[in-house]
Amino acid sequence: MEYKFREIEKKWQEHWNATKAYKVSNPSTGSGQAPLKPKFYVLDMFPYPSGAGLHVGHPLGYIASDIYSRFKRLKGFNVLHPMGYDAFGLPAEQYAIEHGVHPAVSTEQNINNFRRQLNNIGFCYDWDREVRTCEPGYYKWTQWIFLQLFNSFYNRTSNKAEKIDGLIAVFEKEGNATHPIPNSQFAISSFNAIEWKSFDEKTQQDILMQYRLAYCGYGEVNWCEALGTVLANDEVVNGVSERGGHPVVKKKLRQWYLRITEYADRLLEGLERIEFSDSMKEMQSNWIGKSSGAEITFEIQMPPLTPPEGENRPASELHRQTARASTYGLLKELSKEHKQSPTEEENMLWQYLRSHKTGHHIRRQHIIDQYIVDFVCLDRRVTIEVDGGYHNNEEQRKYDEARTAFLNELGFEEMRFTNEEVKQNTDAVVEKIIQKLNSKPSVRKVSPSGGDLEGASLTVYTTRPDTIFGVDFMVIAPELDLVDQIKSAEQTAAVDEYIAYVKSRSERERQAEKKITGVFTGAYAVNPFDGREIPIWISEYVLAGYGTGAIMAVPCGDERDFKFAKHFNIPITNIIGKHFNGEEANATKDAILENSGFLNGTPMREAAEIVINKLEELEIGKRKVNYKMRDAAFSRQRYWGEPFPIIWKDGIAYPLPEDQLPLTLPNVESYSPGPEGEGPLANIPDWIHQFEGSQVPSFGGDLGEVRGGALETNTMPGYAGSSWYFLRYMDPQNDNAFCDRSVSDYWNQVDIYIGGTEHAVGHLLYSRMWTKALYDLGHIGFDEPFKKLVNQGMIQGSSRFVYRLNYSKIGFELPSSILARCLAQTASIEQPNYNYRVVNNKFFLFNHTDGHTFTIHFDEIVYTYYTKGASVLIDLLRSIMDSKAVYVSAQIPPLFFSINKREMSVGTSSLAEYYFDQLHVDVNIVDGYALDIEAFKKWRNGEYANAEFILEDGKYICGSEVEKMSKSKFNTVNPDDLVNKYGADTFRMYEMFLGPVEISKPWDTKGIEGVHRFLKKLWRLFYLPAEASAKEGDEGKAIWTNEKATDAELKVLHKTIKKIEEDTERFSFNTGVSTFMIAVNELSDLKCHKKEILEPLVIMLSPYAPHIAAELYAELRKAPSPSERAGGEVLDASFPKFEAKYVTESTKDYPVAINGKTRTELTLDLSITQAEVEQIVLNNEVVLKWLEGKQPKKIIYVKNKMINIVV
RNA sequence: GCCCCGGUGGUGGAAUUGGUAGACACGCAGGACUUAAAAUCCUGUGACCCGCAACGGUCGUAACGGUUCAACUCCGUUCCGGGGCACCA
């Protein structure tokens, strides 16, 4: 029998399909009996079913995981090894836009194609567990989990996600004192219980939105008006869209976010408990980017105020810091207390005065000199007091009068109200206040450009507060509103121009830019410690989203700041003495500080603490732990994604009740965005308003019911469905829960997760966060999804290029030189009778003295010269001249030059690059580097059917480059073709044989023959090859025997068992394959056809080459006598057991080195001692020769390794 | 620019913990079998040098430097390639 892989593979695939051989059952379902086997969960990263289908790069990881799954099954585990599709995504929508095919349709087709291709390769997936994120039965639960996140907040005290109802209860009892708002920029920072209750629903919900794990905010997107879409960063190149080159601008849109930042510490901590590679962990922790330092507030320089008499403080402090230094410390505490326990009346009034509601900025419990006032508007110099009953007594009145007088002196006018007034006539009181405020002149600081400087200050985050005296300039992100506020009149034009430039830049470009750019705003900040004025710049390298969007630049200690200072000639202060050489920055922490005011002489390492303490004491800064990671944007202005189960009414987001899920995606006619850049769903009013009129329960129950408003029109991003899919595989058909808790308790974490490093910081962080949130909320019992991660390298494509002469780039020079050369070669054209000149930069116009003229196109000159040669060109010209007829240039076919002919034809390589278009050509019509010209002419429906070629050595040699494997680069190799030609088993083993799973490498089909030969050689251990049969009818006879194996054969077997087991366990499949090859080579040499050896070999091989192994195993077991046949398939066999006794050796061939260089070999007993070794070695002929009579200094003997003699 | 990974014969790669660099395979060359081809088998194959030959020598893991009895492996610097950088998945 021959190795007929097609028959065998088809037979077994059908058999496994029919017998549901890969069906995996859950402990509590099915027949009910709990599996006795331990579980093992092997998972591949979720594929996106692209229209291009599977190429040979995809199955690399799938084959690895398949081998591992089958191996674990042989080892006695209940293995979960599912597959499904991350089916929502941009490409399908893009395809829909371009071809009008609904994404659901194209996605379905793509999936079917994927699945067919996967089945071809013989994977052991339990297809009953397949999931697709775009199916309502799946995204129902994506939406459900979103609602869990929406209805939760992160409790920083208990350090976990909790129901937001609990937070509301706390607010009602004690305000937010114990749960500060995560977003420090939010208008309301703190409130007490009374305040909370006095807020209207909108305000309350706005506040709660600041806590929710899934929340709504605003973010900038790349908006392309021409394409009518939001673009990804990598779709924007140099400020224009990659497709079409249309302008792209930043646009602020309402976006959903996930509050992943609250999990930053736990995501870091969790890394210690999972087996990811160190580099992967490093990438994640770099992404999270935890750092500690300080947030420092710098006042922005004001036009000088007249200081009160006798006061000698810097003007900059006077505006806001109105307290007297001597009593400030005491009053500060008192002020805080007052703020926390306001009287009822004060609180009532505050609700009307806060947040600029009066049109003025009002502060409460503010310290002015030695007094605390209830409210003050510093701008209009008005104080407001709400008096309680005790203000009626005489002593108090005197005190109040003195205080009023004193404040008047400082320029403040005082307003007094009684509690009763406030309580009974709040509106009138507020009205009075507003009138008063409006009537007073503003002492507001206005920047020269007209910007409002009231309260303007600059907060920076720094990890090096110790360098505060080395700050020579500030850099703020150009997009901060503050820039408009502070820019000076002179700098306005420059600033605006720069901002326009930055708006056109992607974030990536801004970070990667080597060129130093920036503009001075004209404003100055004031160093709080020495009053030094520091110029404020804007530059693209500071991003608004990082830290506070502003940095303090210390050029002597930071390379980037240093270069910036040098470039713009900003003087540099050296605070680190000899550590700074003026040539480059030095980020040392070892220096003793100089030029640093009160820090002079302090080591830097101690200074940071001192500065932070001082900042906190002066209330101009605070200790701060910062994360580079930002909250994850969780919405897309797209159609093909999960709709949000959210209804908007009056600016409040109401969650859809769970019984309304799934909220299904409607059909659309067009995929263009809504009028304001919203997603395409905005164009379907019927869908948006489907809950109009129906009642939607609102929050908490006690707020009553809300009549439905409009549905959210954004959709969820690609990572929504993929952040939790590994849970759905466990319980894919469950309609009552995303995954039954008992089921997830059984399958638990993914034991082995296989995928590429490109997901290092996206998917892997998001799914870790979702898992932690689901864990916190009690839905699952583990908080890390993936116990062990194996990285898979990319299989790159080796692209081939052809070089087409670009006629449109041919100017006057090249054809002229060709013409000149030809004409010079021959006198046969009567040159005196003809002259020629160039017309339209496209033609040569020939003039004969007799008046005859004709023109010939440059292209034809060039084409004729290169394809037919100089003499033909001359003949052509002459015949035109002779005929004296009107000449029309011929149609010129495309002309392709073999790679090495380009440069030779045009002179230099840069000219070659200019004149020739480099085009990708399908690698499948190139043999090595030589183009199959006939196939090329038929390629792309004969687009190049009439092409002509300039060859070298009779061949067209292509250019090549290693690139990502992609259909658009025509460098994909389809696994189907290879499976057809060599079989799935060969294909699987070859992919593994290419090299380590985790290494990227270009695909090359060449070596696949070797693997195929190996399988054929294996086959010949079982069946007599035709040519070896002694007599007719013997061909393909089974030749295995029941003879007892020899020691040598057993040694081969057990050596192989050990190595295969180790290699498979550590994912070293390439060495595994070569181990099989070695074993088969050795067994062939031994002429071993013994069942005792072959059966375990076949079992070991079955994870790698399941079809051939199944066939041989089945055949072995039914022959030679039927009585010996045992039941069971190779799938459920047991992995053979290694026995050391067959492979132990008593001697070893030791390499003997002199000074580290191996000179000879010695076979020594393993039990030999150092002294014996020395004796033997020193009597060895080769050793003696190398010693040249010298005494060895030392003899190193490492047992079972080597011997080294040091001379 | 920042972060991570990689670089070994003509090619893919092996060397698992610092211990004989190049396993296994492709390709190539030569040979056997054959009318021939395919298939199969055998031999050789890092570079250079010496030699009739056996044997032997020198160099060699991107480049340079260091640690060590010993470095592909550890450390430092540089170069090159790949991945990621927040709306590709």
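To find a chain, count down the sequence lines: A is the first, B the second, and so on, and within it residues start at 1.
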Enquirer: Which protein N or O atoms sit under 3.5 Å from an N or O of nucleotides 77-80 of chain B?
Expert:
none

Enquirer: Test of understanding: with side-chain hydrogen bond (donor to acceptor under 3.5 Å, both in side chains), list the residues that count as partners of A:Thr986, not counting sequence neighbours.
Expert: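 Testing A:Thr986 for side-chain hydrogen bond (donor to acceptor under 3.5 Å, both in side chains), a comparison that skips the adjacent residues, returns A:His1012.
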Enquirer: Could you go through nucleotides 54-56 of chain B and list every protein N or O atom that sits under 3.5 Å from one of its N or O atoms, giving the distance for each pair?
Expert:
none

Enquirer: Would you sketch RNA chain B in dot-bracket for me? Only Watson-Crick or G-U wobble pairs with both distances under 3.5 Å count, crossing pairs as [ ], other-strand pairs as |, the rest as dots.
Expert: (((((((..(((......[....)))((((((.......))))))((((......))))..(((((..]....))))))))))))....
Enquirer: What does nucleotides 81-89 of chain B look like as a protein-contact string, B for base, S for sugar-phosphate only, - for none, at under 4.0 angstrom between heavy atoms?
Expert: -SSSBBBSB
Enquirer: Between protein and nucleotides 67-74 of chain B, map the contacts as a letter string: B base, S sugar-phosphate only, - none, heavy atoms under 4.0 Å, written 5' to 3'.
Expert: --BS----
Enquirer: Excluding sequence neighbours, so at least two apart, what forms salt bridge (charged side-chain N to carboxylate O under 4.0 Å, His left out) with A:Glu642?
Expert: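 A:Glu642 satisfies salt bridge (charged side-chain N to carboxylate O under 4.0 Å, His left out) with no other residue.
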Enquirer: Can you tell me which residue pairs pass the salt bridge (Lys or Arg N to Asp or Glu O under 4.0 Å) test with a partner in residues 1060-1076 of chain A, sequence neighbours excluded?
Expert: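 Non-adjacent pairs meeting salt bridge (Lys or Arg N to Asp or Glu O under 4.0 Å): A:Lys72-A:Glu1065, A:Lys75-A:Glu1061, A:Lys1058-A:Glu1062, A:Lys1059-A:Asp1063, A:Asp1063-A:Arg1066.
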Enquirer: Would you please name every residue forming a salt bridge (charged side-chain N to carboxylate O under 4.0 Å, His left out) with A:Arg560, sequence neighbours left out?
Expert: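 For A:Arg560 there are no salt bridge (charged side-chain N to carboxylate O under 4.0 Å, His left out) partners, ignoring immediate neighbours.
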Enquirer: Checking A:Gln792 now: which residues fulfil side-chain hydrogen bond (donor to acceptor under 3.5 Å, both in side chains) with it, not counting sequence neighbours?
Expert: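 For A:Gln792, no residue satisfies side-chain hydrogen bond (donor to acceptor under 3.5 Å, both in side chains) once neighbours in sequence are set aside.
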Enquirer: According to salt bridge (charged side-chain N to carboxylate O under 4.0 Å, His left out), who are the partners of A:Lys981, at least two apart in sequence or on a separate chain?
Expert: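 Here no residue qualifies.
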Enquirer: Name all residues meeting the ring-ring contact (aromatic ring centres under 6.0 Å, His included) criterion together with A:Tyr627; count only those two or more places apart in sequence or in a different chain, and write none if there are none.
Expert: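 For A:Tyr627 there are no ring-ring contact (aromatic ring centres under 6.0 Å, His included) partners, ignoring immediate neighbours.
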